[in-house]
Each structure stands twice: as structure tokens, then as C-alpha cells.
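To keep things clear, I will list the structure first and then write my remarks on it.
Since the structure is predicted, the reported quantities are computational estimates derived from the model, not experimental observations.
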Amino acid sequence: PVEVGLLVLAAALAARWSFGRAALAVLLGASYCAAYVAFVAPAELPTAFEGERIRISARVLEVERAPPGAGRLVQRVTVGQVQFEAAGHRTTGRLLLGAYEPTSLKVGETWTLTVRLRRPRGLMNWGGFDYTSWALAERIVATGSIVDVASARRTVSSEGGRGVTESLRGFFARHVEPGDGHALLVALALGDRGAMDAPLRALLRDTGTSHLFVVSGLHVGILLAAALGLMAVVGVVLPIRAAIAAMFVCGYAVVVGMGLPVQRALASALLVLGALMVARQLSLPRLFAAAVLAVCCLNPLATLLASFWMSF
């Protein structure tokens, strides 16, 4: 709540509000953040589940090859919509799992898995990476491993936005030759770096270009500019161009997953497109403040991440 309160205070001072109005804004911001943590943020993993072999049903959100130096780890898997079979417990948070054997998990599918979990834990070293806060902001309620890959069973195939992602991935697989080019294209278009092998990852890391393959404002901005430019060439009037581009960008955000970088870019893009649709001119400070407010309303815990402060 402290970070959100300070952000609201800064916005209030920038708008030249009186002290009373600014204090009320800070109180409302802190109260909203506290209510979000109490009623919206996922609850912690029950202590009774820690360290035990548990059968769960979950939807696969991300599958990524283990990075070099990860030992026996083969894949990293992120799952959501988790249902614990034993106690009937559900969580709106996500689980970050490691697989020490190759799996056939695909994004968008629902699987029944046997896992061993624990609550996220990090180091308390001053100035170091705060893993616990990062997990909280990313809605990760537990980490662990898939302990019995042979017993995993797929119950639902890909559907919805993730099904579209799998269709696009299949399109690239059919029309682009396997290799580094295919892996880079999938990463640029969908933000999926799972097809990258260890040498390619090392090359991107050494050249400082790894961040280009994480779907963020760069991808949303390029897509938005291309959509607006193409419709301008065709001769579509500006308000209709903005409305169509807004739907296009929202669809893209759903397909690639509503991660925090995508949320920030989408909020900013929709504010600009909204101003174009109603033919209003917004000052840059007001637009900037509105984007910050929109992201904080979507997830106040985003203020715990360094990427939030680097974006704004």
C-alpha cells in the first residue's frame, strides 16, 4: 500500500490538488491496495500441502526449456486454474513447476499432475533480489516439481486464446524451417522462448538482446503502429481506425497472455486510442498518470516489481 499511496500522492500534487484532496487520494489508494490483497490476490498455499505428493488439475500457461546450468532440470512449467483433488481446494494463483523428465505439456491444455510443492522462499540479503515479492506480484502461490511424469494425464485440449496461440505456433512450424530463425520468429511474435536452444540463449544474453524477445511495449507498439498505418493507407477514418486497432491490440494481448509488461503497454495504448476515438487531445503528463493509475488498478502489487518503475 505504501508504493500505491506515494504514486497517488505524486499524481495529486502534479494535478495541483489541495492538501485535503491529496490526503484523501492517498487514503483511497492505500485502502484499494489493502482490499486487493485481502479479497483479490490469491491466498497462500496451505501449510498442510507443503512437501507432500499432491494430485492437481491445472491449465498449462507456459512451457520453457530449462536454461543452461540448471542441472537435471529439463523444463519449467507455469500452470494456473489449479484444483487440488485431495481437499477440493482451489487457487486463483499460479504454480511454477520444474520437470526433470521430458513432458508433452502444451500451452492451453488442462492436465492432471502429481506434484510436490512449497511456498515461495527467497534470500533476505540486503540489496538482493526479493524473490518473495516477485512471486507475490506475479500471483505465484507455490513452486515445486512434477514428481511422476508417467502418471500425468491430459483432460482438456487447447482452447480459447491459448488455442489461438497453439494454432499460430503450428502455422510457424509448417511454414518456417526449423532452426534459430524459427525460434526467433516464434519468440518475437508470441513471446514464447521455449524453442530456443542453449547456444541461442547464450548468444542473446551475451549481446544484451534477450529483452527483445519478451512480449512488452515494444511488440504492442509495433503492432499498433502497423495496424493504424495499414488502415490509414486504405483510407479508414481516424475514429474507426482507433476502434479497430483497440480490438486488435486487445486480441493480441489475450493471445500472448496478460503479463504485467503487456498490461502496462495495453493500458497506455487504449488510453491513446480512446483519445483518438473521441477526438480529444490529452497532455503527456495526464496520459502518463492515467496509464500508471490503470496499471495500479489492475494489479496494485505490480509496484513491487522493478520493471514497473523502469516502465514509468
Qualifying salt bridge (Lys or Arg N to Asp or Glu O under 4.0 Å) pairs with a residue from residues 29-44, counting only residues at least two apart or across chains: E44-R119
Results of side-chain contact (heavy atoms from CB on, under 4.5 Å) for V141 - residues two or more places apart only: P42, T91, L95
Non-neighbouring partners of T207 that pass side chain to side chain donor-acceptor pair (under 3.5 Å), sequence neighbours left out: T209
All side chain to side chain donor-acceptor pair (under 3.5 Å) counterparts of R94, not counting sequence neighbours: E138
For Y100, all residues meeting side-chain contact (heavy atoms from CB on, under 4.5 Å), sequence neighbours excluded: R72, L73, S145
Pairs meeting criterion salt bridge (Lys or Arg N to Asp or Glu O under 4.0 Å) with involvement of residues 228-241, two or more places apart: none
Minimal non-hydrogen separation, T92 against V40, with atom names: OG1-O, 4.2 Å
Qualifying residues under side chain to side chain donor-acceptor pair (under 3.5 Å), relative to S133, sequence neighbours excluded: D130
side-chain contact (heavy atoms from CB on, under 4.5 Å) against P239, all qualifying residues, sequence neighbours excluded: V237
Contact summary for L273 and A245, nearest pair of heavy atoms: CD1-C, 4.0 Å
Partner set under ring pair (Phe, Tyr, Trp, His ring centres under 6.0 Å) for F172, not counting sequence neighbours: none
Pairs flagged by salt bridge (Lys or Arg N to Asp or Glu O under 4.0 Å) wherever residues 142-156 is involved - sequence neighbours left out: E109-R154
Pair listing, salt bridge (Lys or Arg N to Asp or Glu O under 4.0 Å) test, anchored in residues 210-228, at least two apart: none
From L184, L185, V186, residue fulfilling side chain to side chain contact (heavy atoms under 4.5 Å, CB included) relative to H182: V186
Distance-minimising heavy-atom pair for P120 and I140: CG-O, 3.6 Å
Partner residues of E50 under the side chain to side chain donor-acceptor pair (under 3.5 Å) criterion, sequence neighbours left out: R121
